[in-house]
Structures are given as C-alpha cells and as structure tokens.
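Please read all numbers here as calculations on a predicted model, not as lab measurements.
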Amino acid sequence: MDDVAPAELRLPDRAAHALIEATCGDPFSLLGPHPLRGGAVALRVFVPGAKAIAVVAGGAGKPIALQPAQVPGLFVGPLQRRGNYRLRIEWPSGQMQETEDPYAFGELLDHHDLSRFSGGLHPHLGRALGAHVLDLDGVSGVRFAVWAPNARRVSVVGDFNSWDGRRHPMRRRVEAGVWELFVPRVKAGAIYKYEVLGPHGVLPLRADPVAGQVQAAPETASVVPDPTPFEWTDGRWMDQRANRQDAGAPISMYEVHAESWRRPAPHATLGWNGLADQLIDYARGLGFTHIELMPVSAHPFGGSWGYQPLGLYAPHPPLGTPRELQRFVDRCHAKGLGVIVDWVPAHFPTDAHGLARFDGTALYEHEDPREGYHQDWNTLIFNLGRTEVQAHLIGSALHWLDHFHVDGLRVDAVASMLYRDYSRRAGEWVPNIHGGRENLEAVAFLRQFTYAVHEYHPGAITIAEESTAWPGVTHPVKDGGLGFDFKWNMGWMNDTLRYASRDPVHRRWAHDDIGFGLVYAFSERFVLPLSHDEVVHGKRSLLGRMPGDDWQRFANLRAYYGFMWAHPGKKLLFMGGEIAQETEWNHDAQLDWTALEGDAPTAAMRRGMQRLIGDLNGLVVATPALHRSDADPQGFEWIVGDDRDQSVFVFCRHALDERSPPVLAAMNFTPVPRHGYRMGVPRGGRWREVLNTDAAAYGGSGIGNFGGVEAQAVPCHGHAHSIELTLPPLGVVWLQAADAST
C-alpha cells in the first residue's frame with residue numbers, strides 16, 4: 001500500500017477503522033478532498049463493497065484510478081488541483097456508477113436557518129430540515145438535514161445506497177446539533193431513513209421527523225418529495241379570506257374523516273382526487289363555509305383517526321400525494337370553501353421508527369414520565385420547554401398553512417397541554433417552578449404558536465379544543481390570553497346534548513341545561529361543536545340519543561339544530577349528522593348513504609334533515625343578525641328563558657346595525673303544540689317566519705304561522721310590542737322583522 005499511495009494520503013488506522021465500523025462522527029475531516037503540501041490535493045473516498053473507484057476531474061478528463069487503502073471500501077489518490085470531479089465506481093457485478101462525491105461539498109444550511117431553529121421559531125423549517133431536491137454547484141441531488149444533537153453519528157440510508165449506514169455519514173453542525181449531507185443524483189421519490197448511533201449504540205432506523213412525504217403503512221420510510229412548485233389558482237381567495245374568517249363572519253364547518261366519508265369499496269378510500277370530485281360540491285351544496293378535516297398528517301395507525309401522528313410535515317399517504325392534497329385545497333377555494341385541519345402538538349406515539357428517544361435520549365419528549373408520558377393515550381408528551389421542539393412544532397403548523405394553503409388549524413387536546421396534572425393523581429405529576437399545576441412552558445408555546453400563525457399567515461385562524469375554563473383562550477396575548485381566534489365550547493355541547501337526550505316530560509327539571517351556556521357565551525369567541533367525539537364509544541349517534549318514536553326522534557334533532565344554528569357562536573357538525581345517521585360512526589366503514597334512498601318514512605325524513613341543514617347554513621350566511629354579533633353580548637337578548645313548565649325558550653339576535661333587522665328564535669322542546677303563545681318583540685310591524693323545523697319539507701307535521709305574524713301594541717317581556725305565535729311540537733321557528741318600524 002505504501003508504495004502505491006504516499007503516506008500523507010493514508011488515514012490513521014484508527015480513523016480508517018472508524019469508517020468501516022460506522023463510528024465516525026466527523027466524516028468530512030477524513031473523506032473528500034484535503035490539501036497537501038505543495039498545492040496537491042489528497043482525495044479519500046469510502047464506498048463499502050466497491051471493487052474499484054476512479055476519479056474523473058473536470059468536465060471529461062481521463063479517469064484516474066484511486067488506490068485501495070487500509071480497510072475495504074477505502075480508496076485514496078492525489079488530485080492535481082481542487083475543483084469539480086466525479087467518481088466512477090465499479091461494483092463486483094460489473095455495474096458502473098458515476099456520481100459526484102458527497103464529501104466535496106461545503107456546509108449546506110445557512111447559519112441564520114440554524115439560529116432560528118435553535119431559537120424556537122423558524123417560519124419555513126419545512127424547507128430547511130428534511131429532504132429537498134436541489135441543484136448545488138450545478139449538481140442535482142438531495143440535501144438531507146436532521147436534528148439529533150446527542151448522536152455520535154448519523155447516516156442517511158435508503159434505496160440509493162443499499163441501506164448501508166457506512167456509505168453516507170453526515171456532517172454535524174455543532175451550533176445546532178443538526179446533521180446534514182448533500183447526496184448527488186438522488187431524485188424525488190427516493191425512500192430513506194436515518195441510521196443513528198446514539199450514546200449507547202445503533203438505534204432502529206428512524207423516519208425523518210420533517211419529511212414532506214412518507215410511505216403508506218405498514219412501510220415506515222420517508223420519501224423525497226417532488227420539488228416542482230404547485231401552480232395555485234386561489235390568489236383571490238387568499239387575499240380575501242381574512243374577511244371570511246373573522247369573529248363577525250358566518251362560519252359553519254363540516255367536520256370530515258377523509259378516509260371514511262365515502263368509500264368506493266370496502267377498506268378503500270376516495271383519496272384527495274375523489275374527495276375533490278364529490279365532497280366539495282356536497283359540502284358547498286349544504287351551505288357549509290368550511291370543511292374541517294380530522295388530522296391528515298401522517299400517522300401509522302388508522303384507528304387513531306390521525307390523533308397519534310408521527311409525520312407532522314407530511315400528508316397521510318393513503319389519501320394521496322402532497323400535490324393531490326394541494327389540488328384538493330385549491331379546488332375547495334375555487335368553490336368558495338375554506339379548509340381547516342386538525343393539528344396535534346399535544347403528544348406523539350412511541351413507534352420505533354418515530355420520535356421516541358430519537359437520538360438515543362429523550363429529545364422531543366421529557367425524560368421524566370411524570371411529564372413525558374400520557375397515561376390516557378399511551379403516548380409521549382412533547383417537551384415544550386425546549387426551543388428546538390417549539391420550532392419543530394410551530395414549523396409544522398406554518399408548513400400546513402404555507403405549503404398547503406389551509407385556512408386554519410384546530411389544535412387538539414389543548415387542556416392536556418395546559419395542566420401538568422391533567423388526568424393524573426397526586427404524586428404522578430411535577431409542579432411548575434411556582435408549585436402550581438399550570439404548564440407554563442405550554443402557555444408560552446401556545447402564545448408563540450398563535451403569534452406565528454397570525455404574523456406569517458394573516459387571515460388564517462386558530463381554534464382551540466380546550467375543555468376547561470382556562471381564562472382568555474381567545475383573548476390577545478398582550479392582555480394575558482393565549483391568542484386563539486376561536487375555542488370549542490365543550491360545556492355548551494355537553495349541557496345541551498344532555499338536555500336533548502331527555503324525555504320531554506322530564507325536561508322541565510333540566511331547563512337550565514339549555515340556558516347555562518348563555519351565561520358565559522361571550523367570555524370567549526366560541527365554536528359550537530357537534531364533533532366526531534359525540535358519536536363514538538357507545539355514546540350513540542345524534543339521532544340515537546333522541547327520545548321517542550321515529551317521528552319524535554327526527555323532530556327532536558331538527559329542533560336541536562334549529563336551536564344550535566340560532567345560538568351565538570360558529571357552527572361545527574360532524575359528517576353523518578346532516579343525514580341523521582342511525583349508527584355510531586365507524587372509521588372502517590363509510591356513512592350510511594343508502595339510508596337516504598327509497599320511500600321509507602325515515603329515508604324521507606333523512607332527506608329532509610339534509611335540506612334543513614342546507615337552509616340553516618344559508619340563512620345564517622344571509623342574515624347578519626345570526627353571525628355578525630356572535631361574540632358581542634349586545635347582539636343577544638333573552639325574551640323567554642324561564643318557561644320551564646312548557647320547555648319553551650325565546651331569544652332575539654341583533655346585528656347591531658339598524659339596516660339589518662333582528663331575528664327571533666322560539667323553541668318548543670315538548671311534543672305539545674303551543675297555540676297563541678305571546679312574546680315581546682323589539683319592533684312593531686310584520687315578523688316573517690323564515691324557518692320552521694316542523695315544516696313538511698323537512699319531514700315535520702307542517703304546523704306553523706302561515707308565513708308570519710303582525711306585531712301588536714301589547715306590552716310584553718319589557719317590550720312595547722308583542723306577537724302571538726303557534727309553536728310547533730318539538731319545533732323551532734325563526735322570525736325576522738320585515739322592516740325597521742318601532
């Protein structure tokens with residue numbers, strides 16, 4: 001060997017053996033071109049399994065053979081000068097491979113990128129870390145970058161290097177604990193993982209935490225995404241969406257589990273293309289303003305419905321490619337439909353290829369299980385006090401808004417983040433620095449999250465699923481709040497569904513279940529949610545909760561919807577609620593679309609329920625009094641709130657605009673018609689009946705007020721004018737003042 005290569009070309013034996021043993025944590029100090037005395041350059045190449053390697057300098061020079069060195073796969077030789085060169089690798093099979101040398105390239109990530117990541121907020125982290133096709137010095141390939149600060153060595157492995165961790169060990173950027181490598185000639189579609197040598201040995205291969213695309217289960221590798229920019233056509237929507245999504249806008253969300261809304265065959269999914277063809281027109285036809293998608297980030301177990309995600313930057317592969325999701329969102333916007341996605345920063349599963357002890361240490365999670373383990377879900381909790389974890393999560397949120405143009409993020413399980421003792425007994429949790437139960441790191445994180453969304457994506461909204469009375473969830477951060485735009489009103493949902501499920505004869509004793517939500521209705525900006533959680537795990541479907549025979553059950557549900565859509569707050573309905581599905585939701589099946597077919601009375605009533613939902617949504621959008629003052633107590637007025645003996649409620653909604661007439665909502669939650677029921681109204685003149693949930697078109701009995709009533713100068717309920725109404729059985733009527741007379 002010494003008579004073939006000069007001594008200075010050789011590596012120290014210990015370094016050479018570190019390469020073959022895959023323990024080298026600084027490959028750039030050994031491999032690639034290194035200057036020698038006199039201007040010569042030593043080239044060292046390590047390709048385990050190669051038979052021979054030659055170097056081609058410049059554009060098309062004559063190949064010069066490199067010489068085998070101390071360990072198999074190590075080849076060395078001199079270069080006459082620094083500059084571009086290619087490697088010509090001969091494999092034992094006789095196959096020849098020509099490629100550039102990964103160790104000829106300098107540092108890849110900008111120092112500003114690394115400092116923003118380490119600092120806790122990088123607005124485009126999905127473009128910095130992960131795998132990205134790019135041209136570097138005229139060479140096409142893929143830049144890989146992953147955070148693993150406690151690893152002794154990280155290699156990228158994939159179908160491009162026979163999954164051999166010795167082939168492509170990465171450069172460690174000491175200032176951020178990020179490992180990077182540019183691998184020439186790798187293309188979009190290549191599958192890859194990271195082989196990590198942790199403090200105590202080699203770990204199971206890891207998927208990329210910032211992968212933009214992943215394989216479908218049961219495979220677990222990451223995929224190099226297509227770099228071709230998507231040609232968006234939604235510029236006008238994006239410019240105007242802030243007006244469509246503020247506190248005074250009409251917002252009605254159709255919550256969808258994308259895989260099970262409709263299935264073309266058992267266990268098959270429509271995918272984004274099929275959903276674009278069918279779901280968009282369906283939801284828009286029912287008057288919904290938004291589709292809210294249950295988590296569509298990559299998750300290994302479908303039975304988690306997406307709430308145990310691992311790929312926070314990648315769409316769930318059974319539904320299609322990232323480009324197909326982009327096309328779906330673009331088509332939604334073309335039809336005037338917003339898209340909100342569920343986002344899950346509260347916890348992550350323990351799968352061996354995922355984030356758990358990613359570099360051999362508790363990196364994304366807490367070391368102490370009292371802080372880092374979710375007992376309810378058998379998952380791990382993100383260490384939100386670590387700036388890099390904050391950057392990873394917020395980078396994911398911004399990635400969905402940036403790369404996929406989604407219009408908002410609904411944050412799952414916020415309550416579990418805010419309380420250190422969430423679902424824990426005494427002694428099972430660690431107090432904060434003040435000895436309290438509040439998770440101060442989570443509070444800071446959520447404030448940083450809402451700031452980042454509003455700063456970098458104006459017009460996008462944030463929605464918190466927060467099930468406690470934590471104060472100020474939707475208040476500005478400067479006022480001590482968390483900064484969310486909206487909060488799910490879980491208390492309202494629980495109280496009112498409990499009331500609706502009672503037999504009408506017993507409702508007089510639960511009267512306050514309906515009215516209590518209005519005590520605090522304006523303390524936050526609320527969404528009224530009838531979500532997937534209410535139709536699973538033995539709770540029965542919404543229709544299944546309603547008491548009585550078929551006619552009464554359908555009438556009860558129609559009345560409940562009439563009450564809900566008149567109530568202050570934005571609206572959310574889980575798929576299947578609009579067709580009064582009989583059974584609980586089953587994520588392995590599809591909605592019971594066949595129940596809408598035929599001449600059976602229940603089929604007709606289901607079609608009527610669909611029609612009602614469409615009319616409710618349409619009226620809310622068209623009527624300022626029913627949406628403009630959702631978050632303003634001046635826009636709500638009780639007329640009758642204490643008639644518990646007859647289970648009647650009446651309230652009035654005001655737009656706080658003299659040009660927009662008020663709307664009166666009167667509810668009768670018993671099967672007994674109420675004729676001549678007098679109630680005060682804020683205006684004289686005619687009041688038009690704009691909605692009656694008992695209308696024959698909806699499957700009801702058709703009892704109503706013949707299109708409207710005239711107000712009389714008879715004082716009642718504190719008003720100078722009043723009207724007499726017929727309240728249909730288990731029905732809700734809306735009336736709108738026909739003019740501005742007083």
Side-chain angles (χ1 to χ4, degrees), residues 25 109 113-122 125-126 128-131 144-157 165 169-181 192-211 214 220 222 297-298 300 308-314 344-374 377-397 399 417 430 439 441-442 444-445 448:
L109 291 175
D113 280 326
L114 296 175
S115 64
R116 288 198 290 185
F117 170 60
S118 297
L121 178 57
H122 190 311
L125 189 64
L129 302 186
F144 297 93
V146 63
W147 180 53
N150 302 305
R152 293 157 56 197
R153 185 259 308 167
V154 178
S155 300
V156 60
V157 296
M170 305 171 78
R171 173 196 286 116
R172 186 179 193 274
R173 300 294 295 275
V174 176
E175 67 268 42
V178 170
W179 300 75
E180 62 178 16
L181 189 69
Y192 70 99
K193 285 186 178 180
Y194 295 111
E195 183 178 278
V196 179
L197 176 62
H200 307 293
V202 177
L203 304 170
L205 294 182
R206 304 300 202 195
D208 189 344
V210 190
V214 300
T220 58
S222 305
S297 53
Q308 293 194 13
L310 278 181
L312 284 178
Y313 290 73
V344 189
H347 59 122
F348 61 93
T350 59
D351 298 64
H353 68 283
L355 302 180
R357 302 194 74 84
F358 186 82
D359 64 358
T361 67
L363 188 61
Y364 288 90
E365 69 272 38
H366 295 269
E367 182 72 57
D368 189 334
R370 294 177 298 168
E371 296 182 280
Y373 180 69
H374 251 309
W377 303 314
N378 192 29
T379 53
L380 299 175
I381 301 171
F382 284 106
N383 182 354
L384 298 177
R386 188 160 194 166
T387 55
E388 297 92 344
V389 174
Q390 293 178 28
H392 174 78
L393 291 172
I394 295 175
S396 159
H399 179 73
M417 302 169 69
V430 179
N439 190 325
E441 294 81 7
F445 165 76
Q448 181 83 315

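Among all heavy-atom pairs drawn from Ser297 and Pro309, the shortest one is OG-CB, 3.6 Å. Of all non-hydrogen atoms in Gly130 and Asp208, the two that sit nearest each other are CA-OD2, 3.2 Å. Minimum interatomic distance between Val214 and Ala314 (heavy atoms only, all atoms of both residues): CG1-CB, 4.0 Å. Across Ala362 and Glu367, no two heavy atoms sit closer than the pair CB-OE1, 3.6 Å. The heavy-atom pair separating Asn439 from Met417 by the smallest distance is CB-O, 3.2 Å. Here the closest non-hydrogen pair linking Ala207 and Thr220 is CB-O, 3.6 Å.
For the atom pair OH of Tyr194 and CG of Asp359, the computed distance is 13.5 Å after rounding to the nearest 0.5 Å. Put simply, NE2 on His366 and CD1 on Ile381 are 6.5 Å apart, with the number rounded to the nearest 0.5 Å. To the nearest 0.5 Å, atoms CG (Leu181) and CZ (Arg171) are separated by 8.0 Å. Remark: Ser118 OG to Arg386 CZ distance equals 10.0 Å, nearest 0.5 Å. To the nearest 0.5 Å, atom CG of residue Leu109 and atom OG of residue Ser115 are 11.0 Å apart. From Leu363, atom CG reaches atom CZ of Arg357 across 10.0 Å, with rounding to the nearest 0.5 Å.
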Extract all donor-acceptor atom pairs below 3.5 Å that involve side chains of residues 347-354 and protein atoms in other chains or at least two apart in sequence.
{"unit_1": "His347", "atom_1": "ND1", "unit_2": "Thr379", "atom_2": "OG1", "d": "2.9"}
{"unit_1": "His347", "atom_1": "NE2", "unit_2": "Tyr307", "atom_2": "O", "d": "3.2"}

Report all side-chain donor-acceptor pairs from residues 389-397 shorter than 3.5 Å, counting only partners two or more places apart or in another chain.
{"unit_1": "Gln390", "atom_1": "NE2", "unit_2": "Leu384", "atom_2": "O", "d": "2.9"}
{"unit_1": "Ser396", "atom_1": "OG", "unit_2": "Leu312", "atom_2": "O", "d": "2.7"}
{"unit_1": "Ser396", "atom_1": "OG", "unit_2": "Trp343", "atom_2": "NE1", "d": "3.1"}

Stepwise side-chain contact (heavy atoms from CB on, under 4.5 Å) check, Gln308 with Trp377: CA-CA 9 Å; Gln308 293 194 13; Trp377 303 314; 4.3 Å; yes

CA sep, side-chain torsions, deciding dist, call: Asn378, Tyr373, side-chain hydrogen bond (donor to acceptor under 3.5 Å, both in side chains): CA-CA 7 Å; Asn378 192 29; Tyr373 180 69; 2.5 Å; yes

Leu114/Val178 under side-chain contact (heavy atoms from CB on, under 4.5 Å): CA gap, chis, key distance, verdict: CA-CA 8 Å; Leu114 296 175; Val178 170; 4.0 Å; yes

- request: Output, in order, the C-alpha distance, side-chain angles, deciding distance and verdict of ring pair (Phe, Tyr, Trp, His ring centres under 6.0 Å) for His122 and Phe117.
  value: CA-CA 5 Å; His122 190 311; Phe117 170 60; 8.1 Å; no

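A donor-acceptor pair under 3.5 Å is formed between the side chain of His399 and the backbone N or O of Tyr313.
Between Phe445 and Pro345 there is a side-chain heavy-atom pair separated by less than 4.5 Å. Residues Val146 and Pro209 are in side-chain contact: their nearest non-hydrogen atoms beyond the backbone lie under 4.5 Å apart. Considering only heavy atoms from C-beta on, Leu129 stays 4.5 Å or farther from Phe144 through its side chain. Residues Asn383 and Glu365 fail the side-chain proximity criterion, which asks for heavy atoms closer than 4.5 Å. Side-chain contact between Arg172 and Pro149: present, with at least one pair of heavy atoms (C-beta onward) separated by less than 4.5 Å.
Between Tyr364 and Trp147, a ring centre-to-centre spacing shorter than 6.0 Å is recorded.
Between Arg153 and Glu195 there is a salt bridge, since a side-chain N of the basic residue sits under 4.0 Å from a carboxylate O of the acidic one.
Residues passing the side-chain contact (heavy atoms from CB on, under 4.5 Å) test with Leu203, sequence neighbours excluded: Val196, Arg206.
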